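Comments concern the structure below.
Because the structure is a prediction, the values reported are computed rather than measured.
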Amino acid sequence: MITLVTGARGKVARAVLDRLHAAGHPVRAASARPAELPVPAGVEVTELALGRPETFAAALRGVRQVFLYPEPTGIDELAAAAEAAGVEHVVLLSSSSVLGPDPEQDALASHSHRVERALTDSALTGTFLRPDAFASNALGWAYFVGQGLPVQLAHPDADLAPIHPEDIADVAVAALTGDALTGRPVTLTGAEALTFRAQLAVLSEAVGREIAVERITRAEAEQQLGGFLPAVMVTALLDLWQAAEQRPAVLADTTETLLGRPARTFRQWAAENAHAFTPKS
C-alpha cells in the first residue's frame with residue numbers, strides 16, 4: 001500500500017517519509033520540483049503541483065494513503081482525483097488555529113480550514129492532526145541570539161505549549177500505520193506550557209550565554225514582523241499572543257497520551273538546535 005507524502009521538503013513530512021521508508025512501507029515523495037527533492041535510496045519521487053491538476057493522476061496512481069500538507073490551492077480537484085484513484089485515507093497536517101471562532105476568516109487558520117473542509121466534503125477518510133505552536137518557531141529568534149542582541153517581543157509572557165516537530169511526525173506515522181487515530185481530529189501540544197520568556201531562558205542554557213528579553217510596543221512589533229509577513233498575518237499573530245498572555249496554555253494530546261511515549265521537551269529541542277543560535281562566521 002503506497003503512501004504519498006506531499007510537502008516532502010518540510011521537516012515534518014520528511015521525518016514521516018523517513019520513518020515509513022525505514023519501516024519498510026512503500027512511500028512516494030511528491031513535489032512541484034521533484035528533481036530537487038533529496039530522498040533516501042529506494043523512495044520514488046513524483047511531480048505533484050497543486051496548481052496543475054494534470055499532475056495529480058500520475059502522482060496518485062496506486063496510492064492508498066496520503067500525508068497532506070495544508071495548501072488549499074487545487075484541493076477540491078486533488079480530493080476528487082484521490083477518490084478516483086482509490087485513495088482511502090488522508091492524514092492532514094492541519095493546525096489548532098482551526099478551532100478558533102472564525103477560522104475561515106482567520107489568517108492563521110484559513111489555509112488549514114479550507115483543506116479540512118474539502119476533505120470533509122469528500123468521500124475520503126480524513127485524520128486531521130492539529131498541532132499548536134511548534135518548538136521550531138523559536139528559530140525566528142536565531143539571528144538576534146546569534147548576534148548577541150536582545151529578543152524584542154510585544155508579548156514575552158504569552159503562554160504556549162510548544163510541540164517538538166518529531167512528535168508530530170511520530171503521531172502522523174501512527175495514524176498512517178494503524179487505525180486508532182483514523183478519521184479523528186487530534187489536537188497536539190507539547191507536554192509543558194512555557195512562555196516566550198521561559199523558552200528563551202531554556203535556550204540561554206542550551207547556548208551557554210544569557211539572552212536578553214525586551215518588551216516592545218505592539219506598533220513596534222507590527223513594524224518588525226511586517227518586514228517579512230503580510231499585514232493580516234501580523235495582526236493575527238499578535239492577537240493570538242496577546243490572548244495567550246492573558247490565560248494559561250491548555251495542554252492537549254501528546255505522544256504520551258496517544259502513543260504511550262514521553263513527549264519530547266522544548267529543552268530537548270533547544271539542545272538539538274543550539275547550533276542554529278550561534279554566530280555564523
Side-chain angles (χ1 to χ4, degrees), residues 10-16 18-19 93-97 99 108 112 129-174 186-216 221 225 229 236-238 240-279:
K11 286 188 177 296
V12 173
R14 180 55 190 266
V16 170
D18 288 347
R19 284 162 166 74
L93 180 59
S94 186
S95 166
S96 66
S97 60
L99 301 173
L108 299 177
S112 294
L129 304 184
R130 296 169 172 168
D132 205 62
F134 283 37
S136 51
N137 290 349
L139 289 170
W141 302 324
Y143 171 80
F144 303 98
V145 175
Q147 297 300 312
L149 299 171
V151 174
Q152 298 180 321
L153 298 167
H155 302 289
D157 297 308
D159 201 31
L160 306 168
I163 183 171
H164 197 302
E166 295 288 336
D167 280 3
I168 302 172
D170 282 345
V171 175
V173 170
V186 184
T187 303
L188 300 170
T189 65
E192 179 184 18
L194 292 168
T195 65
F196 285 144
R197 196 185 299 276
Q199 290 177 44
L200 285 161
V202 172
L203 279 171
S204 177
E205 294 180 19
V207 301
R209 61 184 185 279
E210 185 178 354
I211 300 171
V213 181
E214 181 180 329
R215 184 186 285 272
I216 59 176
L225 295 170
L229 288 174
L237 277 172
L238 290 172
L240 173 69
W241 295 335
Q242 182 179 15
E245 205 166 36
Q246 297 168 358
R247 47 98 179 119
V250 177
L251 302 184
D253 275 311
T254 68
T255 55
E256 179 74 45
T257 62
L258 295 173
L259 309 179
R261 305 174 197 163
R264 295 173 177 86
T265 64
F266 184 81
R267 187 174 299 277
Q268 181 176 344
W269 181 90
E272 293 166 353
N273 292 275
H275 60 88
F277 296 85
T278 58

Applying side-chain contact (heavy atoms from CB on, under 4.5 Å), can you list everything that pairs with Leu200, at least two apart in sequence or on another chain?
Trp141, Val151, Leu153, Leu203, Ile211, Val213
Non-neighbouring partners of Glu214 that pass side-chain hydrogen bond (donor to acceptor under 3.5 Å, both in side chains), sequence neighbours left out:
Gln152
Applying side-chain hydrogen bond (donor to acceptor under 3.5 Å, both in side chains), name anything that partners Asn137, two or more places apart in sequence or on another chain.
none
side-chain hydrogen bond (donor to acceptor under 3.5 Å, both in side chains) with Glu272: which residues, sequence neighbours excluded?
His164, Gln268
Kindly give the heavy-atom pair with the smallest separation between Ala244 and Leu160, and that separation in Å.
CB-CD2, 4.1 Å
With rounding to the nearest 0.5 Å, note down the distance linking OG1 in Thr195 to CG in Asp159.
6.5 Å
On a heavy-atom basis, the closest approach of Ser94 and Ser112 is OG-CB, 3.4 Å
Please confirm whether the backbone N or O of Leu251 pairs with a side-chain atom of Thr189, one donor and one acceptor, at under 3.5 Å?
no
Can you name the side-chain contact (heavy atoms from CB on, under 4.5 Å) partners of Glu205, sequence neighbours left out?
Arg267
After noting the C-alpha distance and the side-chain angles of Leu188 and Thr254, does the key distance pass the side chain to side chain contact (heavy atoms under 4.5 Å, CB included) rule?
CA-CA 6 Å; Leu188 300 170; Thr254 68; over 6 Å; no
Just jot down the salt bridge (Lys or Arg N to Asp or Glu O under 4.0 Å) partners of Glu256, sequence neighbours excluded, or say none.
none
Which pairs pass salt bridge (Lys or Arg N to Asp or Glu O under 4.0 Å) with one or both residues in residues 134-152, sequence neighbours excluded?
none
Among all residues two or more places apart in sequence or in another chain, which pass the side-chain contact (heavy atoms from CB on, under 4.5 Å) test with Ser97?
Ser95, Leu108, Ala109
Measure across Ala274 and Ala206 and return the closest heavy-atom pair with its distance rounded to 0.1 Å.
CB-O, 3.8 Å
For Asp170, all residues meeting side-chain contact (heavy atoms from CB on, under 4.5 Å), sequence neighbours excluded
Arg19, Asp167, Thr255, Leu259, Arg261, Arg264
In Å, rounded to the nearest 0.5 Å, how long is the span from CD1 of Ile163 to OG1 of Thr187?
10.5 Å
Separation between CG of Leu194 and CD of Gln199, rounded to the nearest 0.5 Å
5.5 Å
To the nearest 0.5 Å, atom CD of Glu245 lies from atom CG of Leu238 at 11.0 Å
Could you pull out all residues at least two apart from Phe266 that satisfy ring-ring contact (aromatic ring centres under 6.0 Å, His included)?
Trp269
For Asp132, the side-chain hydrogen bond (donor to acceptor under 3.5 Å, both in side chains) test, sequence neighbours excluded, returns Ser96
May I have all residue pairs that pass salt bridge (Lys or Arg N to Asp or Glu O under 4.0 Å) and include part of residues 135-146, sequence neighbours excluded?
none
Are the side chains of Arg130 and Leu99 in contact, using a 4.5 Å heavy-atom criterion?
yes
Euclidean distance, Phe196 CZ relative to Asp157 CG, rounded to 0.5 Å:
10.5 Å
Approximate separation, where rounding is to 0.5 Å, of Arg209 CZ and Phe277 CZ:
10.0 Å
